[in-house]
Chemist: 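Sharing a structure, written as structure tokens. Questions coming.
Each chain gets a letter, A, B and so on, in the order the sequences are listed, and its residues count up from 1. Both backbone and side-chain heavy atoms feed into the values below; hydrogens, waters and symmetry mates do not. Quick caveat, the model's predicted, so the values are computed rather than measured.
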Protein chains: 2
Amino acid sequence: MKYTSYKPMNCSLAQTLAVIGDRWTLLILRDIFFGQKRFAQLQRNLGIAKNILAARLKQLMEEGIVEKRESESGAHAEYVLTPAGLELQPVLLAMTHWGDKHRPNPKGERVTFIERETGKPIRRMGVVSEDGRPLRAREVRAIPGPGAD
Amino acid sequence: MKYTSYKPMNCSLAQTLAVIGDRWTLLILRDIFFGQKRFAQLQRNLGIAKNILAARLKQLMEEGIVEKRESESGAHAEYVLTPAGLELQPVLLAMTHWGDKHRPNPKGERVTFIERETGKPIRRMGVVSEDGRPLRAREVRAIPGPGAD
DNA sequence: CAGTATCCTACGTGATACTG
DNA sequence: CAGTATCACGTAGGATACTG
């Protein structure tokens, strides 16, 4: 009768969904990845209700994805990604790449990710073999590990 | 007053969420990636209500992620991934990797992805520069493209 | 500015019964 | 087996007013 929770599932994907699977969470993280730090900025950019944003940020803090701190001037609060949060970048980028390819804007790419130092676009997110060859979906197989049921 | 829809957002990430952002969708896709093909299998493995599963599969077909076909014997229906669906694999794998690392099962890795031909584990999903160097989140920058607002 | 506190409602979900 | 139909429910989401 209650909504099924992701938490008790012994599945790495479900565990990730327990953290970022809510409707707004990934969009909030996107904005934080893009440099937004403040509550009001996030709220305006996203058009999200304040109570929802507050709840999601609280949840992200409890999950260790985001940290709250004072700004340098001490004038306001800032939300920044923790190391665990930063490691969500491959997830965000893989989803962004897929959307840009399969649900494109007719005017072209909406966003390009470049390497900060060289200015060159990064490589498209993809599955890669141990020695660096790109693999297609069918060339990959999943086998249960010690933590499987 | 209505739930905010992802569709009108000019954002590649939001577009992807419009396709796979529902609570059950990614878990269904996971099972299909893992080789499940039939309605009853999916329903039992996931513990999902039949009407929900039917609705999600229908949606996935409309979005061009999954196709329905007859089994070879003709005895039952099968759901298989389209090319666009197969290209979601990086998303699934990135999420699985994150969950396995940051929400681990104490007994060890829940699943390992190996290259079918060599049997060797694939490389961990990560952001990579044009010439193949792994990049950390902070070394990547997003710049607006022609499809940006 | 950065939230809480309330209240309301629509929607996603879940259970079950039924059908070709 | 592979769904459809119906109904009942909880909760996520939304709007708004208020607070330190």
Chemist: So, using side chain to side chain contact (heavy atoms under 4.5 Å, CB included) as the criterion, who are the partners of B:H102 when residues are at least two apart?
Modeler: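 For B:H102, the residues satisfying side chain to side chain contact (heavy atoms under 4.5 Å, CB included) (neighbours in sequence not counted) are A:A84, A:E87, B:W98.
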Chemist: Not counting sequence neighbours, list each pair that qualifies as a ring pair (Phe, Tyr, Trp, His ring centres under 6.0 Å) and has a residue in residues 30-54 of chain B.
Modeler: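 Ring pair (Phe, Tyr, Trp, His ring centres under 6.0 Å) check on residues 30-54 of chain B returns no pairs.
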Chemist: Given the rule that a pair is Watson-Crick or G-U wobble with both distances under 3.5 Å, how would you write DNA chain D in dot-bracket, using | for pairs to a different strand?
Modeler: ||||||||||||||||||||
Chemist: Among residues 5-23 of chain B, which residues get a heavy atom nearer than 4.0 Å to DNA chain D?
Modeler: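 Close to the strand, none.
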Chemist: Mind checking salt bridge (charged side-chain N to carboxylate O under 4.0 Å, His left out) for A:R44 and listing every partner two or more places apart, or none if nothing turns up?
Modeler: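 Testing A:R44 for salt bridge (charged side-chain N to carboxylate O under 4.0 Å, His left out), a comparison that skips the adjacent residues, returns none.
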Chemist: Of the residues in residues 29-53 of chain B, which ones touch DNA chain D at a heavy-atom distance under 4.0 Å?
Modeler: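 Within this stretch, B:R38, B:F39, B:A40, B:K50, B:N51 sit under 4.0 Å of the strand.
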Chemist: How many Å lie between CH2 on A:W24 and P on C:dG12, as a whole number?
Modeler: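 A:W24 atom CH2 is separated from C:dG12 atom P by 15 Å.
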Chemist: Name all residues meeting the side chain to side chain contact (heavy atoms under 4.5 Å, CB included) criterion together with B:D31; count only those two or more places apart in sequence or in a different chain, and write none if there are none.
Modeler: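 B:D31: side chain to side chain contact (heavy atoms under 4.5 Å, CB included) contacts with B:Q36, B:L42, B:N45, B:L46.
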Chemist: Establish whether the base of D:dA12 is bridged to the side chain of A:Y3 by a donor-acceptor pair shorter than 3.5 Å.
Modeler: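 Per atom types, no contact qualifies.
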Chemist: Given a cutoff of under 4.5 Å between side-chain heavy atoms of I, L, V, M, F, W and Y, with clusters grown through shared members, what are the other residues clustered with A:V128?
Modeler: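 Hydrophobic cluster check, A:V128: no partners found.
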Chemist: Given atom CZ of B:R56 and atom P of D:dT4, what is their separation to the nearest angstrom?
Modeler: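 Those two atoms, CZ and P, are 14 Å apart.
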Chemist: Output all residues satisfying side chain to side chain contact (heavy atoms under 4.5 Å, CB included) with B:A55, sequence neighbours left out; order by chain, then residue number.
Modeler: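 Partners of B:A55 under the side chain to side chain contact (heavy atoms under 4.5 Å, CB included) test: none.
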Chemist: Holding to salt bridge (charged side-chain N to carboxylate O under 4.0 Å, His left out), I want the full list of residues that pass it with A:E78, two or more places apart in sequence or in another chain.
Modeler: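 Salt bridge (charged side-chain N to carboxylate O under 4.0 Å, His left out) list for A:E78, sorted by chain: A:R69.
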Chemist: Do any side-chain atoms of residues 138-149 of chain A form donor-acceptor pairs under 3.5 angstrom with protein atoms, and if so which ones, sequence neighbours left out?
Modeler:
residue	atom	partner	partner atom	Å
A:E139	OE1	A:R136	N	2.8
A:D149	OD1	A:N10	ND2	2.9

Chemist: Could you pull out all residues at least two apart from B:Q43 that satisfy side chain to side chain contact (heavy atoms under 4.5 Å, CB included)?
Modeler: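 Result, side chain to side chain contact (heavy atoms under 4.5 Å, CB included) vs B:Q43: B:I48, B:K50, B:L53.
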